[in-house]
Peer 1: 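The structure's right below; bear with me while I get my questions together.
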Amino acid sequence: MITKRIIACLDVRDGRVVKGVQFVDIVDAGDPATQAARHAREGADEIVLLDITATHEGRGTLLDTVRRTARELFVPFCVGGGIRTADDAAQVFEAGADKVSVNSAALKDPMLIDAIGRSFGAQAVVVAIDARRDPEAADPVREAQVYVQGGRKLAGRRVVEWAREAENRGAGEILLTSMNSDGMRTGFDCELTAAVSEAVGIPVIASGGAGTVEHFVDVFGRGKADAALAASIFHFGVSSARSLKEELARAGVSVRLPC
Amino acid sequence: MRVTVIDYKAGNLTSVLKALHHLGAETIVTDGDLALVESAERIVLPGVGHFAATQRLDATGLTPAIRAAIARGVPFLGICVGMQWLYAGSSEAPEQPGLAHFSEQCTHFAESHEKVPHVGWNSLEVRKGSRLLAGVEPGEFVYFTHSYKAPVTADTAATTFYIEPFAAAVERANVMGVQFHPEKSGATGLKILRNFLSWNSTEEGKGTE
């Protein structure tokens, strides 16, 4: 039986793992290669490394960090941040990533999704969407808006529609971050995740808001997520993928328990 | 030991090479040097992406060279599209023939409410006698990402269930294939690659028959 994936996310700035609350108040959380290896050992199904400063500072992805992190990592490894062209993606793949995550650049030039997919396969393209509900809207879920540049700027697209377009262009997965919940540890945005998951035929990774095991149970159930991303819940030894998965298994969620 | 890895420009080889190096193998990558296939001790055919990319194996003359190596008894492992290529073909690219070492066709997952591609960690039901999957216990998982799959037949070494049962691994003597990505399947995947690297013909007969 296919299992629900628990994905450990490393937000990286200047070669260090950092964690912020709603994209601000950033604190140091260690070395990416060490952290990735630990998460994999403890049962994380996948590692995502997001270079959170790449886009707005115009820097390239940290190829050295990617190479160092990938070296001894034998679970799927996705890298995002600062990937603006198919050539950028090619360099990240060459450095050892299995997937790239594109966000701002894909909104600016949606053909980027087609281009990476054509060269490396749809399975290698994750389209990351930073979403924020519009509390003024009649339907805050359907009308949730896409944001770019680390949440600084409105993209002028609706989340569900953009997810559909990404799929049609050849994205293999959607990584949906609720910016309302990110770093708050108050739970995933299950309604928005379910709306996107029902709108597309590709896997949806829920992100933003993980704080308790119950939140994961909820997003896999009500939220119809195929995978869930966790960052702050794993940092500082709060919880390991292993203990999270053992509790999920007890709650009836199908997960891969580490050997 | 030395492994010849075939590059037919279908996706990225880095992960496969990294895993083989981790296990102590020396790798040689070729995208068309037939001499390297003729002298190969072991061959790995990776591959992510579209079945049509295997056309390059025909265009470069690698197809007959690999066929000859297999006939000589060289251990061969196809991964993902590399496994599918061992069959007669795939409905993903009907005009492109496979090696037809196995006579069946690969097909798209049946329509259902489940998502396709099948992405994630799934379990294996290993058939008794598989040498490639020796030591893989019930409850171990491997990582898949694919929309097309091979049917379950007498040569199937392991089945996985997603929408329907399909061949997660195929094995007949020195010719082996896995639909999943052993290079991305943690300790279980490395164990499977180690089995491939230590495969030798003298143990033949302990196989699936």
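In what follows, every chain begins at residue 1, and chains take the letters A, B, ... in the order their sequences are listed.
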Peer 1: Nearest 0.5 Å, what's the CG-CZ distance between A:Asp45 and B:Phe141?
Peer 2: 9.5 Å
Peer 1: Under 4.5 Å heavy-atom distance to chain B, tell me which part of A:Ala97 shows up: side chain, backbone, both or neither.
Peer 2: backbone
Peer 1: Is B:His21 close to chain A through its backbone or its side chain, or both, or neither, when contacts mean heavy atoms under 4.5 Å?
Peer 2: neither
Peer 1: Of the backbone (N, CA, C, O) and the side chain (C-beta and beyond), which part of A:Arg256 lies under 4.5 Å from a heavy atom of chain B, both, or neither?
Peer 2: both
Peer 1: Select one option (side chain, backbone, both, neither) describing which atoms of A:Arg71 are under 4.5 Å from chain B's heavy atoms.
Peer 2: backbone
Peer 1: Hey, are the side chains of B:Phe144 and A:Gln123 touching, using non-hydrogen atoms and a 4.5 Å cut-off?
Peer 2: no
Peer 1: Heavy-atom count check: over 12 atoms from other residues, nucleotides or ligands less than 6.0 Å from B:Glu95 CD?
Peer 2: yes
Peer 1: Hey, could you give me the CD/OG1 distance between A:Glu94 and B:Thr14, rounded to the nearest 0.5 Å?
Peer 2: 5.5 Å
Peer 1: Can B:Val119 and A:Glu173 be said to form a side chain to side chain contact (heavy atoms under 4.5 Å, CB included), step by step?
Peer 2: CA-CA 9 Å; B:Val119 180; A:Glu173 294 176 74; 3.9 Å; yes
Peer 1: Would you mind checking which part of B:Val116 comes under 4.5 Å of any heavy atom in chain A, side chain (CB onward), backbone (N, CA, C, O), both or neither?
Peer 2: backbone
Peer 1: First locate atom CG of A:Asp98, then atom NE2 of B:His181, and finally report the distance between them rounded to the nearest 0.5 Å.
Peer 2: 8.5 Å
Peer 1: Could you check whether any side-chain N or O of B:Ser123 sits under 3.5 Å from a backbone N or O of A:Met1, counting only pairs where one atom can act as donor and the other as acceptor?
Peer 2: yes
Peer 1: Is the closest side-chain donor-acceptor distance between A:Ser197 and B:Lys115 under 3.5 Å?
Peer 2: yes
Peer 1: Please state whether the side chain, the backbone, both or neither of A:Ser119 comes within less than 4.5 Å of a heavy atom of chain B.
Peer 2: backbone
Peer 1: If you count heavy-atom pairs within less than 4.5 Å of chain B, which of A:Arg118, A:Arg41, A:Glu72, A:Glu46 leads?
Peer 2: A:Glu72
Peer 1: Is B:Leu190 close to chain A through its backbone or its side chain, or both, or neither, when contacts mean heavy atoms under 4.5 Å?
Peer 2: side chain
Peer 1: Test the B:Lys18-A:Phe74 pair against the cation-pi criterion, namely NZ or CZ under 6.0 angstrom from the six-membered ring centroid and within 45° of the ring axis.
Peer 2: yes
Peer 1: Which distance, rounded to the nearest 0.5 Å, do you find between the OG of A:Ser254 and the CH2 of B:Trp121?
Peer 2: 13.5 Å
Peer 1: Among the options A:Phe120, A:Phe93, A:Phe77, pick out the one with the most heavy-atom pairs lying under 4.5 Å from chain B.
Peer 2: A:Phe93
Peer 1: Tell me the closest heavy-atom pair linking B:Pro117 and A:Ile202, and the distance in Å.
Peer 2: CD-CG2, 4.1 Å
Peer 1: Any idea which heavy atoms bring A:Gly96 and B:Ser15 closest together, and the distance?
Peer 2: O-OG, 4.2 Å
